[in-house]
Amino acid sequence: MSDKKVRVRFAPSPTGGLHLGGVRTALFNYLFAKKYGGDFILRIEDTDQNRYVEGAEAYIMDCLNWCGIIPDESPVTPGKYAPYRQSERKSIYREYAERLVMQGHAYYAFDTAEELDKNRKEIPNFQYGQVYRDGLRNSLSLPQHEVDQLLANNTPHVIRIKIPADETVSFTDMIRGRVSFETNQVDDKVLLKADGMPTYHLAVVVDDYLMKISHAFRGEEWLPSAPVHLLLWNYLGWKADMPQWAHLPLILKPDGHGKLSKRDGARLGIPVYALDWEDEQSGTTTQGFRGMGFLPEAFVNFLATLGWNDGSGQEIFTMDELISKFSIERISKAGAKFDFEKARWYNAEWIKKVKGERLKAAVKKILEDKGITIKNDTYLLTVIELVKDRCTLLSDFYPQACYFFESPKEYDLNAVKPKWTEEKTAFFNKVIELQKTVEQIEAVELENTFKALAEEKGLKAGDVMLPFRIMLVGGKFGPHVFDIAALLGKEETIGRINKALVVFNN
RNA sequence: GGCCCGUUCGUCUAGGGGUUAGGACGUUAGAUUUUCAUUCUAGAAACAGGGGUUCGAUUCCCCUACGGGCUACCA
């Protein structure tokens with residue numbers, strides 16, 4: 001590491017929902033910045049006006065916010081390198097592109113998209129580069145006066161980098177080590193588009209320089225274009241200020257192979273977005289991790305361990321632990337398949353780990369959305385503590401806790417009916433009678449009287465405990481049945497026994 | 001096709017010239033829980049192949065295979 005201040009950027013394109021891979025790139029940037037006391041910058045790369053999606057930028061910020069990945073500088077919290085949207089920086093880039101043309105490292109190209117498509121179709125391995133550029137319409141092949149004329153007439157044109165012949169471009173990637181490319185294999189990428197907007201290649205170099213970025217993390221899919229960026233840093237005379245690169249391993253599809261894409265979510269019925277994403281054009285909503293019932297702590301924890309580990313075998317990390325333990329050397333080189341089952345496990349672990357209070361607001365909303373009225377937060381909290389060990393997703397709190405708020409609508413009759421007898425009816429009537437005399441139900445006391453009574457009636461405790469559970473809960477699940485009765489209270493418990501007795505005896 | 005990157009249980013991974021190749025998820029069996037879940041115990045499960053280098057390679061080198069990425073006036 002050099003001694004300059006650590007400044008990293010996450011630079012998404014606002015073209016839709018942010019998926020897993022993007023969030024992980026943001027997370028690694030953030031962890032690295034915070035570990036070294038540096039700045040984490042959010043820069044919006046909206047240079048492609050055709051792909052711009054309304055609402056995507058706000059979504060990205062909500063997403064980072066939910067994850068606890070808070071930028072030090074962003075479009076809405078600008079620092080001294082504003083603006084942070086490339087569309088608003090449009091006027092900056094042309095100057096650098098022109099400078100490269102002046103220096104002979106770039107040139108104007110007038111070819112139309114149709115002409116290029118034709119070439120690509122007809123010439124195998126066609127590349128706009130040293131082999132073919134003399135035969136194309138550009139300021140290298142055309143006579144000077146014609147170029148001047150074309151420019152004077154405002155003929156649509158782009159500026160392309162002139163990749164040199166017979167050179168080897170190499171650099172040391174923080175994750176992969178030495179990586180080399182032959183310039184003969186690299187094509188003359190467009191730097192400035194006909195609409196005056198820069199392409200990613202120009203913008204990323206200019207902005208990383210201007211914003212004093214010290215370390216650049218991005219997905220491995222960018223590796224092939226690294227030589228273009230390296231050359232640009234050189235030609236622009238900024239070589240000494242170039243950030244150190246780190247190309248992150250890709251996140252792969254859970255099944256089969258390939259890079260995880262947004263479509264995989266719908267195809268496999270799993271979330272790939274952090275937050276729900278509403279597509280305005282199709283009117284469809286794609287459910288994200290939050291909507292599905294994930295805690296951000298679990299989501300972040302899961303993402304961090306996809307391609308990174310601390311070497312100790314520890315699986316559960318808080319954000320602070322991640323920050324202090326994160327290190328680039330421990331990022332793996334190979335892509336990692338997205339394993340949704342493991343993500344669920346992380347969530348279950350986090351639900352068990354956090355205090356009920358942390359869960360309260362989310363659980364309350366889930367229950368209320370299902371039509372349950374919550375009058376007492378203390379009661380809710382007790383319920384949460386009682387059932388949270390059996391929830392994997394936050395949404396599991398509904399089936400696991402609803403019976404604490406309303407009596408069962410249905411009973412698992414198969415579990416009681418076949419073995420139901422008049423003796424059992426008598427037993428429960430006696431239970432009611434006895435409970436009417438107590439001030440309030442206390443779990444241990446109830447358990448004692450319940451068992452004593454069963455013995456007295458010649459019944460096995462187990463034979464009446466299950467029916468009792470079905471009466472209160474509706475099914476064969478939930479915490480200790482006497483705890484449930486105690487929490488439900490005397491009136492409610494007696495009421496539910498009576499109600500169930502009618503059904504059981506029918 | 002060309003270029004670049006990669007390859008340890010099904011999955012995420014630790015390890016690294018001499019190890020019974022370790023952990024986690026999932027899975028199987030058992031214990032606990034008079035329900036379910038939790039928890040606990042145990043089990044099955046991996047170094048892609050071939051050449052080197054070496055006394056000795058899973059580990060280092062080369063080749064092959066396989067996988068992935070890129071190959072737009074998209075990022």
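Predicted model, so just to flag it, every value in this text is computed and none were measured. In what follows, chains carry the letters A, B, and so on, assigned in the order in which the sequence lines appear, proteins first and then strands, with residues in each chain numbered from 1.
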Discussion item. In this structure, how many angstroms lie between the P atom of B:U34 and the CE atom of A:M465, rounded?
Written reply: 6 Å
Worksheet item: To the nearest Å, how far apart are A:Q185 CD and B:C5 C1'?
Response: 15 Å
Worksheet item: Partner of B:U33 by Watson-Crick or G-U wobble geometry, both contacts under 3.5 Å, or none?
Response: none
Worksheet item: Who is the Watson-Crick or G-U wobble partner of B:G10, with both distances under 3.5 Å?
Response: B:C25
Item to complete: Report yes or no: is the cationic atom of A:R160 (NZ for Lys, CZ for Arg) under 6.0 Å from the centre of the six-membered ring of A:Y108, at an angle within 45° of the ring normal?
Response: no
Worksheet, complete the sentence: A:F338 CZ to B:G10 P, in whole Å, measures 21 Å
Discussion item. Please classify the nucleic acid contact of A:V387 as base, sugar-phosphate, or nothing, using heavy-atom distances under 4.0 Å.
Written reply: nothing
Item to complete: Rounded to the nearest angstrom, tell me the gap between atom CG in A:D463 and atom C1' in B:U35.
Response: 13 Å
Fill in: Pairwise C1' distance for B:G1 and B:A57, with rounding to whole Å
36 Å
Discussion item. Checking base pairs now: Watson-Crick or wobble, both atom distances under 3.5 Å. What partners B:G67?
Written reply: B:C5
Discussion item. Tell me if a side-chain donor or acceptor on A:E167 pairs with a main-chain N or O of A:P164 at a distance below 3.5 Å.
Written reply: no
Worksheet item: Just checking A:K388: base, sugar-phosphate only, or nothing, at a heavy-atom cut-off of under 4.0 Å?
Response: nothing
Worksheet, complete the sentence: Whole-Å distance, A:F181 CZ to B:G2 C1', equals 14 Å
Discussion item. Would you call the rings of A:F110 and A:H157 parallel, tilted or perpendicular, taking 30° and 60° as the class edges?
Written reply: tilted
Practice prompt. Check whether the ring centres of A:W233 and A:F171 lie less than 6.0 Å apart, and answer yes or no.
Written response: no
Practice prompt. Nearest whole angstrom, please: distance from the C1' of B:U11 to the CD1 of A:I251.
Written response: 14 Å
Worksheet item: In the 5'-to-3' direction, what one-character label does each nucleotide of nucleotides 36-46 of chain B receive under the scheme B = base within less than 4.0 Å of a protein heavy atom, S = sugar-phosphate only, - = no such atom?
Response: BBSS-------
Discussion item. By the 4.0 Å heavy-atom rule, please label A:G307 as base, sugar-phosphate, or nothing.
Written reply: sugar-phosphate
Discussion item. Parallel, tilted or perpendicular: which one describes the rings of A:F289 and A:F338, with boundaries at 30° and 60°?
Written reply: tilted
Review item, side-chain donor-acceptor pairs of residues 461-483 of chain A, under 3.5 Å, at least two apart:
from, atom 1, to, atom 2, distance (Å)
A:R469, NH1, A:F477, O, 2.7
A:R469, NH1, A:G478, O, 3.4
A:R469, NH1, A:P479, O, 3.2
A:R469, NH2, A:P479, O, 2.9
A:H480, NE2, A:E447, OE1, 3.2

Practice prompt. For A:I331 and B:G6, give me the distance from atom CD1 to atom P, rounded to whole Å.
Written response: 14 Å
Discussion item. Strictly by Watson-Crick or wobble contacts shorter than 3.5 Å, is anything paired with B:U20, and which nucleotide is it?
Written reply: none
Item to complete: Under a 3.5 Å limit for both distances, which nucleotide forms a Watson-Crick or G-U wobble pair with B:A57, could you say?
Response: none
Worksheet, complete the sentence: Counting primed atoms, P, OP1 and OP2 as sugar-phosphate and everything else as base, the B/S/- map of nucleotides 69-75 of chain B against protein heavy atoms under 4.0 Å is BS-SBBB
Worksheet item: Closer than 4.0 Å, any side-chain N/O of A:N309 to the OP1 or OP2 of B:A14?
Response: yes
Worksheet, complete the sentence: Looking only at B:U13, B:A24, B:U7, the nucleotide nearest the A:A334 side chain is B:U7
Worksheet item: Rounded to whole angstrom units, what separation is found between the CZ atom of A:F302 and the P atom of B:C12?
Response: 10 Å
Worksheet item: How far does the C1' atom of B:G30 sit from the matching atom of B:C63, given to the nearest Å?
Response: 50 Å
Worksheet item: Mapping A:I175 and A:R330 to their closest nucleotides on RNA chain B, which lands nearer the 5' end?
Response: A:I175
Practice prompt. Mind telling me whether A:Y273 and A:W277 have parallel, tilted or perpendicular rings, with 30° and 60° as the class edges?
Written response: tilted
Discussion item. Using ring centroids (six-membered ring only for Trp), state whether A:F217 and A:F28 fall under 6.0 Å.
Written reply: no
Worksheet item: Considering only B:U11, B:A24, B:U34, which nucleotide approaches the side chain of A:W345 most closely?
Response: B:A24
Worksheet item: Considering heavy-atom distances to RNA chain B, does A:G311 or A:R178 have its closest nucleotide positioned more toward the 5' end?
Response: A:R178
Discussion item. Once you apply a heavy-atom cut-off of 4.0 Å, does A:R469 come out as touching a base, just sugar-phosphate, or nothing?
Written reply: base
Worksheet item: Does a side-chain N or O from A:S332 land closer than 4.0 Å to OP1 or OP2 of B:U13, or not?
Response: yes
Discussion item. Can you give me the closest heavy-atom contact between A:F427 and A:K457, atom names plus distance?
Written reply: CD1-CG, 4.2 Å
Worksheet item: Are A:F294 and A:Y346 near enough that their ring centres are under 6.0 Å apart?
Response: no
